[in-house]
Amino acid sequence: MTENTRTPILAANWKMYKTSAEAGEFLRTLLGMIGGVEQRQVVIAPAFTALAAAASELEGQDLVTLAAQNMYFEAEGAFTGEISARMLQEFGVRWVILGHSERRHIFGEGNKLIGRKVKAALAAGLIPILCIGETLSEREQGNTLKVLEGQLEAGFSGVDSGDASGMVVAYEPVWAIGTGVTATPEQAQEAHGHVRDWLKKRYASDVAERIRILYGGSVKPGNVDQLMALPDVDGALVGGASLEPESFARIVQCETGRI
Ligand code: 13P
């Protein structure tokens, strides 16, 4: 077996929560709580309006970095309500969540659009966190792996192995998001293992071994250690439990079992 040298990522997706004042206060508290943490990357995805306050709070340290929750693939233009990679980078944003299930299911984003966003993010030097995941009915019909493959196919379309190795995939089963129902360790490892196998077929094995695959869906202080113990779970993308500093700090301090 190849040695696993993937640095774990603990990421907070704040969705449509927190003003800039609230974001600043959260980050001041969080930084005070996770001072000694090493060998992991902590990522915060605030609302666009809180990026400036978050960036100024995070100055002078490199443990916690910023992500955006979405972006458009064009550089600029008449696209009312959208935001570009360059606008995000002005605030030091390094990562961008793309294809989140709420974007897919509430706002109707399809695989093709998400694929274009991935390529635009990479071209701009942002790291895409590509979200994939099946709905409950897709799972019940036995289509989970097929759905994941379609989402991976579109998300990685036209992405060469140099870019792919830096990318992050987030497996977020739709039925586990905001529901309190977490995937069992068996379900999570099956999906993550399948994603890794798909990546091995699409790219070389060493590329696939470098790509971090995060789990998302009702991650909490009480289940994070168990999820992080799985061989192909390289981190967590956390919604609800990332909104309180105490709870997210505990998640950041999870046992990763990696050196
Ligand atoms: P919850 O942690 O609230 O289930 O949300 C998960 C999620 O959607 C993170 O992107």
Side-chain angles (χ1 to χ4, degrees), residues 8-18 22-23 26 30 40-48 50-51 54 64-71 88 93-109 114 117-118 121 126-136 138-139 144 147-148 151-152 155 167-185 187-188 191-192 195 212-228 230 233-254:
I9 298 174
L10 288 311
N13 175 9
W14 283 350
K15 308 190 180 186
M16 202 172 75
Y17 291 96
K18 295 195 192 295
E22 289 162 352
F26 176 105
L30 181 75
R40 61 202 71 194
Q41 289 176 295
V42 181
V43 176
I44 305 277
F48 298 139
L51 284 171
V64 184
T65 52
L66 287 176
Q69 298 178 18
N70 186 24
M71 60 161 250
L88 297 171
V93 167
R94 292 200 213 159
W95 320 72
V96 58
I97 299 173
L98 294 174
H100 189 277
S101 86
E102 286 142 24
R103 299 301 318 168
R104 292 178 189 265
H105 298 290
I106 303 175
F107 301 102
E109 290 194 13
I114 294 159
K117 291 183 177 196
V118 167
L126 286 170
I127 303 169
I129 301 176
L130 171 67
C131 298
I132 61 170
E134 80 289 357
T135 62
L136 185 58
E138 288 164 341
R139 172 166 284 268
T144 298
V147 169
L148 300 184
Q151 293 170 337
L152 288 168
M167 270 179 63
V168 176
V169 175
Y171 169 62
E172 299 204 304
V174 180
W175 47 271
I177 295 178
T179 58
V181 180
T182 317
T184 63
Q187 288 170 326
H192 283 233
V195 172
R212 269 114 23 119
I213 308 172
L214 315 184
Y215 170 80
S218 299
V219 174
K220 299 193 165 34
N223 59 26
V224 66
D225 295 336
Q226 196 183 22
L227 289 160
M228 291 298 293
L230 300 168
V233 173
D234 306 313
L237 182 55
V238 188
S242 74
L243 294 172
E244 295 299 330
E246 294 73 18
S247 143
F248 189 59
R250 168 63 186 87
I251 289 171
V252 167
Q253 287 157 332
C254 64

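In this text, all values refer to a predicted model and were calculated from it rather than measured experimentally. All values below were derived from every heavy atom in this structure, side-chain atoms included, with hydrogens, water molecules and symmetry-related copies excluded. Every number for a ligand or one of its atoms is a count from 1 in the order of the listing.
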Residues that Arg212 engages under salt bridge (charged side-chain N to carboxylate O under 4.0 Å, His left out), provided they are two or more places apart: none
Gap separating the CG atom of Leu51 from the CD1 atom of Ile44, nearest 0.5 angstrom: 11.5 Å
Parallel, tilted or perpendicular: ring planes of Phe26 versus Trp14, cut at 30 and 60 degrees: perpendicular
With the criterion set at N/O pairs under 3.5 Å, what does the list of contacts between the protein and ligand 1 look like, atom names and distances included?
unit_1, atom_1, unit_2, atom_2, d
ligand 1, 2 (O), Gly239, N, 2.9
ligand 1, 3 (O), Gly240, N, 2.8
ligand 1, 4 (O), Gly178, N, 2.6
ligand 1, 4 (O), Ser218, N, 2.8
ligand 1, 5 (O), Lys15, NZ, 3.2
ligand 1, 8 (O), Lys15, NZ, 2.8
ligand 1, 8 (O), His100, NE2, 2.8
ligand 1, 10 (O), Asn13, ND2, 3.0
ligand 1, 10 (O), His100, NE2, 2.9
ligand 1, 10 (O), Glu172, OE1, 3.2
ligand 1, 10 (O), Glu172, OE2, 2.9

Qualifying residues under ring-ring contact (aromatic ring centres under 6.0 Å, His included), relative to Trp95, sequence neighbours excluded: none
Summary of salt bridge (Lys or Arg N to Asp or Glu O under 4.0 Å) pairs that have at least one residue in residues 99-109, sequence neighbours excluded: Lys15-Glu102, Arg103-Glu109, Glu109-Lys117
Atom CZ of Phe48: over 12 foreign heavy atoms under 6.0 Å: yes
